[in-house]
Amino acid sequence: MNLIKYFPSNINEECGVFGVFNCENAAELTYYGLHALQHRGQEGCGIATTDEVEIYRERGEGLVTEIFSEAKLAKLKGDNAIGHVRYSTAGGSGIDNVQPFVFRHYTGDFSLCHNGNIVNSRALKLMLEKQGSIFQSSSDTEILAHLIKMDFRKDRLAAIVEALNMIEGAYAFLIMTPKRLYACRDKNGLRPLSIGKLNGSYVLSSETCAFEAIGATFSRDVEPGEMVIFEHGKEEITSLTFSYGSMRKMCSMEFIYFARPDSDIEGMNVHSFRKECGRIMARRFPVEADVVIGVPDSSTSAATGYAEESGIPYEMGLIKNKYVGRTFIQPSQEMREKGVRLKLTPVRSLVSGKRLVLIDDSIVRGTTSKRIIKMLREAGAAEIHVRIVSPPMRHPCFYGIDTSTYEELISACNDVEKVCGIIGADSLCFLGEDALLEAGNRSELCLACFNGDYPTFLYQTKSELNTEGKF
Ligand code: AMP
Ligand code: SF4
């Protein structure tokens, strides 16, 4: 559905949310949960708790281990908590945008945090500002709070449902009041959100890897278009469908790149998905080679799958320095290029004189592949056959994953042969969309950054989309 409307939204957020309901040491558990979700955002983090009366909050710009100390956690009283790790792009940095947000209102205080991106945020913000709302941050997350309180005479549940139905885009929301916790997922199911159990209490997480980290067990996923309500004094959780006609358009990039391999997304383990993609790749695009290598860490699973299926041995031909942040997070092109060099080093003795199959999860701008191929050639590789376990990325993401603009996407204006030449590979193959569905054993996924078929309206003007001649 390529329907373009007005008003752009320029803040992308690749974030993680975590929540605890009715459990001692809620703040501490959230700290460990957020630590397990740190790969989803390194720019800022925060935790809000409640003791059923007050809402307490600590937040800061930096990693979970940098922001929280034992003293800070001790200030976060109560058995309920929500937490957030944040990564933002243009216009979205600064402490004001670090979540969870806390809102004070005479009808009751509440706190909220969000993973995803609201595509009609500009239109909604304008409407709210015209009605007198004053925003504290430039984050689109705050819009939900204003929508909830737009008509504060309304029943709280009805107000939340109405607000959720006004926003369009990708979201996993956690909303915490002194007595309740609400967990909501957008009707397309673009972002993951799972429920876990810990000694009779409930925990919530963007990814199931955080359950393992705190000794909790997976219970179920929040369904697309569902709101799950946790309430004091009620053993059972309440489920409410706020949007009918829901879809299962889980973001395919969660499987391909973003999520941790030890997480399960909608019943599918991420490592197994990636490994299966590698196997399919080996069947569809075989090549004579001596060694298979993967770009660590996100491509290791696919590389082992390719090696097993092809019979070509897998080697650790590239080593990652764990103490350098993700290359993508560094802002300028120049910095990114430096970052790749700092982050990855080839193992000369394993690659020299060898014909390599180089597996990577995706090509966005092409910077990483180009630098890695150059490094491997300098280390003596005889041939480099690149196999990308996702389709060419031709369209930007509007749902919270930083995949760049049309101008920067190397596959938006170059065919596969041209990209192969630009990155300097001997051969280059991409996996088809059908392979992703096959590997995930599912019939639906969001594949919009590959095929432009966005599951929602985009609320962007043509020039804002930078799409002249593309749609
Ligand atoms: P590029 O150098 O722009 O082609 O980036 C491609 C590399 O970035 C791949 O090796 C991916 O592992 C990684 N990548 C893909 N998508 C993202 C993203 N949204 N954020 C950060 N890194 C990404
Ligand atoms: Fe994920 Fe791509 Fe869809 Fe964005 S457009 S939600 S990155 S699959």
Side-chain angles (χ1 to χ4, degrees), residues 1-2 12-15 39-43 87-89 115-117 119 169-172 186 188-192 247-259 261 265 274 294-303 318 320 325-331 333 335-341 343-344 358-374 386-405 407-412 414 419 422-423 428 430 433 436-437 440 444-456 458:
M1 199 199 308
N2 281 329
N12 285 328
E13 293 179 4
E14 305 177 7
C15 305
H39 61 289
R40 297 184 72 88
Q42 299 87 32
E43 190 188 287
Y87 164 55
S88 74
T89 55
N115 168 216
N117 199 46
V119 286
Y171 57 84
D186 71 78
N188 289 303
L190 282 155
R191 295 278 152 253
M247 312 265 275
R248 297 209 157 265
K249 292 281 187 185
M250 172 59 67
C251 166
S252 53
M253 283 305 286
E254 291 274 358
F255 282 110
I256 294 163
Y257 167 76
F258 205 41
I265 301 178
R274 292 176 186 166
V295 180
D297 294 321
S298 48
S299 308
T300 311
S301 305
L318 286 166
K320 181 177 171 182
R326 288 186 179 204
T327 50
F328 223 71
I329 284 159
Q330 306 191 20
Q333 185 76 359
M335 286 300 285
R336 263 197 298 278
E337 288 181 16
K338 279 189 188 132
V340 175
R341 268 214 184 282
K343 195 173 137 186
L344 291 172
L358 175 65
I359 308 281
D360 203 354
D361 57 88
S362 55
I363 292 185
V364 184
R365 297 174 177 88
T367 322
T368 310
S369 305
K370 201 172 168 184
R371 300 297 303 178
I372 290 173
I373 290 165
K374 189 164 176 270
V386 177
R387 297 292 180 268
I388 303 294
V389 271
S390 61
M393 199 176 271
R394 298 198 166 104
H395 305 266
C397 174
F398 296 93
Y399 305 123
I401 299 281
D402 182 7
T403 55
S404 241
T405 61
E407 278 163 344
E408 289 173 324
L409 290 169
I410 192 169
S411 296
N414 298 292
V419 175
I422 296 170
I423 64 173
L428 169 67
F430 289 89
E433 290 164 27
L436 301 180
L437 296 169
E444 283 183 291
L445 274 173
C446 177
L447 297 160
C449 47
F450 308 120
N451 60 20
D453 191 5
Y454 295 97
T456 68
L458 292 180

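When a residue number appears, it is its place in the shown sequence, counting from 1. Counting starts at 1 for both ligands and their atoms, in listed order. Side chains included, hydrogens not; waters and symmetry mates left out as well; all remaining heavy atoms used.
Using a cut-off of 2.8 Å, one finds that C446 contributes an N/O/S atom close to atom 3 (Fe) of ligand 2. For atom 4 (Fe) of ligand 2, the N/O/S atoms of C251 include none lying under 2.8 Å.
At a 4.0 Å cut-off, not a single heavy atom of S369 sits close enough to ligand 1 to count as contact. The shell of residues lying under 4.0 angstrom from ligand 2, judged by heavy atoms, includes S252. In this structure, R191 counts as a contact residue of ligand 2, since one of its heavy atoms falls inside 4.0 Å of the ligand. For the ligand labelled ligand 1, residue V295 lies outside the 4.0 Å heavy-atom shell.
Judged by distance alone, the side chain of N451 and the main-chain N or O of D453 form a donor-acceptor pair under 3.5 Å. Judged purely by atom type and a 3.5 angstrom limit, N115 uses its side chain to pair as donor or acceptor with the backbone of C15.
Numbered from 1 in the order shown, with element, the atoms of ligand 2 that lie under 4.0 Å from a heavy atom of Y399 read 6 (S). Near S362, meaning under 4.0 Å from any of its heavy atoms, are these atoms of ligand 1: 6 (C), 9 (C), 10 (O), 11 (C), 15 (C). Listed by number with element, the atoms of ligand 1 under 4.0 Å from a non-hydrogen atom of I401 are 19 (N). Those atoms of ligand 1 that come under 4.0 Å of a heavy atom in M253, given as number and element, are 16 (N). Atoms of ligand 2 found under 4.0 Å from any heavy atom of M253 (numbered from 1 in listed order, with element): 7 (S). Atoms of ligand 1 lying under 4.0 Å from any heavy atom of T367, numbered from 1 in the order shown and given with element: 1 (P), 2 (O), 4 (O). Listed by atom number, the atoms of ligand 2 under 4.0 Å from A448 heavy atoms are 5 (S).
If you take OG on S411 and CZ on R365, they are separated by 13.0 Å, rounding to the nearest 0.5 Å. Going from atom OG1 of T300 over to atom NZ of K320 covers 8.5 Å, rounded to the nearest 0.5 Å. Residue I423 holds its CD1 atom at 4.0 Å from CD1 of I373, rounded to the nearest 0.5 Å. To the nearest 0.5 Å, atoms SG (C446) and CE (M247) are separated by 10.0 Å. Note that the CZ atom of F398 and the SG atom of C449 stand 11.0 Å from one another [nearest 0.5 Å].
Contacts with ligand 1 closer than 4.0 Å are made by side-chain heavy atoms of S298 only, the backbone lying farther away. If you look at D361 next to ligand 1, the close heavy atoms, those under 4.0 Å, all belong to the side chain. Counting heavy atoms under 4.0 Å from ligand 1, residue D360 touches it through the side chain alone.
Side chains of P391 and L436 form a contact here, defined as non-hydrogen atoms less than 4.5 Å apart. In this structure the side chain of N117 never reaches within 4.5 angstrom of the side chain of L190, judged on heavy atoms.
Under 3.5 Å, the side chains of Y399 and T456 contain a donor-acceptor pair of N or O atoms.
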Candidate pair R40 and E254, rule salt bridge (Lys or Arg N to Asp or Glu O under 4.0 Å), full reasoning: CA-CA 10 Å; R40 297 184 72 88; E254 291 274 358; 2.8 Å; yes
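Looking only at protein heavy atoms, the nearest one to atom 4 (Fe) of ligand 2 is C397 SG, 2.2 Å. Counting only heavy atoms of the protein, atom 2 (Fe) of ligand 2 lies nearest to C449 SG, 2.4 Å.
When the options I422, I388, L409 are evaluated for a side chain to side chain contact (heavy atoms under 4.5 Å, CB included) with I363, the one that passes is I388.
No N or O atom of I363 sits closer than 3.5 Å to an N or O atom of ligand 1.
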